[in-house]
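Here is the structure we will look at, set down as structure tokens.
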Amino acid sequence: MAKVFAIANQKGGVGKTTTCINLAASLVATKRRVLLIDLDPQGNATMGSGVDKHALEYSVYDLLIGECDLAQAMQFSEHGGYQLLPANRDLTAAEVVLLDMQLKESRLRNALAPIRENYDYILIDCPPSLSMLTLNALVAADGVIIPMQCEYFALEGLSDLVDNIKRIAELLNPQLKIEGLLRTMYDPRLSLINDVSDQLKEHFGEQLYDTVIPRNIRLAEAPSFGMPALTYDKTSRGALAYLALAGEMVRRQRRNSRTAQAN
Ligand SMILES: Nc1ncnc2c1ncn2[C@@H]1O[C@H](COP(=O)(O)OP(=O)(O)O)[C@@H](O)[C@H]1O
Ligand SMILES: [Mg+2]
């Protein structure tokens, strides 16, 4: 049964999409079966996976409103090696259209139910907002991965997100938890970074991933070729960091399931 992770942070430009694409490809490299869901109308994860968002017959929007089935919307990222439910601007209408639908916050969860056992990991790329789309992602997910830049203001928005996750866990999805906090675009030369890192460790303890993602130009270049960094330049620091993250995630999973068995 797949673990479903929403990659969320209501701030834009913190590395959500970059994390989705590169983590998906890295999990594939470790022989996991992966589905990436683009839930952002900007369609960046779709383009970065090498799928043209302008040429879609069906997208995740049609799936959410019941206009197509999973197989019709499903694409494959050739360079990434994972399956993709793509998105484009059509998805902006979802905010309004979903409001009138029954079980509006569970549409994604229900759509995924029949295929959860076909994958080891399902990653959901969230839009930069706490909207109906993000709500659908958080209701469908087992855990939230929060990418963040280590800057002073990063901590400010974090408490809103954490409060939201708690509220959704209480009301709609009791198994939802914070899977991990990921430091992205990490530049150890910035003096502030150690302070912020220390604060994060204090607040989030083991939830903070040991792996940090460095600022790396290859990670920024790769999406314009529709590739993960692992295909574009597999020796780049960015590609290696995401491989390390996949390893840490898988080890964490194994440890958690051992603890669960022991209890
Ligand atoms: N580790 C990194 N090093 C260099 N550039 C990065 C890194 N992570 C993301 N970027 C670039 O920063 C911008 C924002 O990243 P993105 O993943 O799109 O953020 P989000 O999805 O949270 O809006 C993009 O142009 C992306 O290529
Ligand atoms: Mg994005």
Side-chain angles (χ1 to χ4, degrees), residues 1-12 14 16-17 20 35-49 51-75 83-119 122-146 157 159-179:
M1 195 72 152
K3 278 281 166 197
V4 182
F5 294 134
I7 319 298
N9 187 331
Q10 74 277 26
K11 283 188 103 173
V14 295
K16 290 182 291 294
T17 301
C20 278
L35 169 64
L36 173 55
I37 302 173
D38 190 351
L39 213 56
D40 185 342
Q42 293 180 78
N44 292 344
T46 299
M47 296 298 277
S49 298
V51 172
D52 186 357
K53 67 179 176 183
H54 306 290
L56 301 173
E57 190 170 352
Y58 296 107
S59 72
V60 73
Y61 172 68
D62 302 288
L63 182 67
L64 285 175
I65 63 165
E67 287 287 311
C68 77
D69 59 33
L70 275 158
Q72 286 174 306
M74 197 68 83
Q75 302 268 349
Q83 303 282 132
L84 172 78
L85 283 173
N88 58 24
R89 278 180 55 195
D90 291 353
L91 197 53
T92 40
E95 290 297 336
V96 179
V97 175
L98 284 180
L99 286 179
D100 284 337
M101 294 190 141
Q102 288 199 324
L103 300 171
K104 53 184 180 289
E105 61 287 304
S106 310
R107 306 285 305 184
L108 184 62
R109 184 190 185 91
N110 295 340
L112 293 180
I115 51 160
R116 275 190 70 154
E117 54 196 84
N118 301 351
Y119 299 96
I122 298 177
L123 306 178
I124 309 172
D125 189 20
C126 292
S129 58
L130 295 169
S131 59
M132 183 55 72
L133 288 167
T134 301
L135 184 60
N136 261 270
L138 297 181
V139 169
D142 304 306
V144 189
I145 295 175
I146 307 174
S159 57
D160 289 342
L161 180 59
V162 172
D163 288 348
N164 254 282
I165 292 169
K166 280 192 193 134
R167 213 170 301 142
I168 291 163
E170 276 165 23
L171 295 173
L172 295 166
N173 181 9
Q175 77 221 42
L176 185 69
K177 62 184 178 59
I178 296 177
E179 172 68 17

**Fill in**
Closest non-hydrogen atoms of Ala6 and Ala141, given as atom of the first, atom of the second and distance, are N-CB, 3.9 Å
**Message:** I'd like to check the side chain to side chain donor-acceptor pair (under 3.5 Å) partners of Gln175; sequence neighbours left out, ordered by chain and number.
**Reply:** Asp142
**Item:** Of Thr46, Asn44, Thr17, the residue whose pairing with Asp38 passes side chain to side chain donor-acceptor pair (under 3.5 Å)
**Value:** Thr46
**Asked** Atom NZ in Lys16, atom CG in Asn9: separation rounded to 0.5 Å?
**Response** 5.5 Å
**Message:** Could you report the tightest heavy-atom contact between Glu67 and Tyr58, atom names first, then the distance?
**Reply:** O-CE2, 4.1 Å
**Message:** Tell me whether Ser49 contacts the main-chain N or O of Val51 through its side chain, where contact means a donor paired with an acceptor under 3.5 Å.
**Reply:** no
**Item:** Among Leu133, Ile124, Leu138, Leu98, the one residue meeting side-chain contact (heavy atoms from CB on, under 4.5 Å) with Leu108
**Value:** Ile124
**Message:** Restricting to non-hydrogen atoms, name the atom on Asp125 and the atom on Ala45 that form the minimum distance, rounded to 0.1 Å.
**Reply:** OD2-CB, 3.4 Å
**Message:** I need the single residue from Asp69, Leu35, Leu84 that forms a side-chain contact (heavy atoms from CB on, under 4.5 Å) with Met74. Which is it?
**Reply:** Leu35
**Request:** Could I get the full list of side chain to side chain donor-acceptor pair (under 3.5 Å) partners for Lys166, not counting sequence neighbours?
**Result:** none
**Prompt:** Looking at CG of Asp160 and CD of Gln10, how far apart are the two atoms once the value is rounded to the nearest 0.5 Å?
**Reply:** 6.0 Å
**Message:** If I take atom CG from residue Asp40 and atom OG1 from residue Thr134, how far apart are they, to the nearest 0.5 angstrom?
**Reply:** 8.5 Å
**Asked** What distance separates Gln102 CD from Asn110 CG, expressed to the nearest 0.5 Å?
**Response** 11.5 Å
**Fill in**
Value for CG (Asn136) from NZ (Lys104), rounded to nearest 0.5 Å, stands at 10.5 Å
**Fill in**
For Cys126 and Ala137, the nearest pair of non-hydrogen atoms, with its separation, is SG-CB, 3.6 Å
**Complete:** CG (Leu64) and CG (Leu85) are apart, to the nearest 0.5 Å, by 9.0 Å
Considering only distance and modelled atom types, tabulate donor-acceptor pairs under 3.5 Å from the side chains of residues 86-93, sequence neighbours left out.
residue: Asn88; atom: OD1; partner: Asp90; partner atom: N; Å: 3.0
residue: Asn88; atom: ND2; partner: Lys53; partner atom: O; Å: 2.9
residue: Thr92; atom: OG1; partner: Arg89; partner atom: O; Å: 2.5

**Request:** Using the salt bridge (Lys or Arg N to Asp or Glu O under 4.0 Å) rule, take Arg107 and Glu105 through it: C-alpha gap first, then chi angles, then the decisive distance, then the call.
**Result:** CA-CA 6 Å; Arg107 306 285 305 184; Glu105 61 287 304; over 6 Å; no
**Student check: side-chain heavy atoms of Met47 and Asp52 closer than 4.5 Å** = yes
**Asked** Considering all heavy atoms of both residues, which atom of Val144 and which atom of Ala8 are nearest to each other, and what is their separation?
**Response** CG1-CB, 3.9 Å
**Prompt:** So with a 6.0 Å cut-off around NZ of Lys177, is the heavy-atom count from everything else above 12?
**Reply:** yes
**Message:** Looking at Asp62 and Ala73, would you say the former's side chain and the latter's main chain have a donor-acceptor pair under 3.5 Å?
**Reply:** no
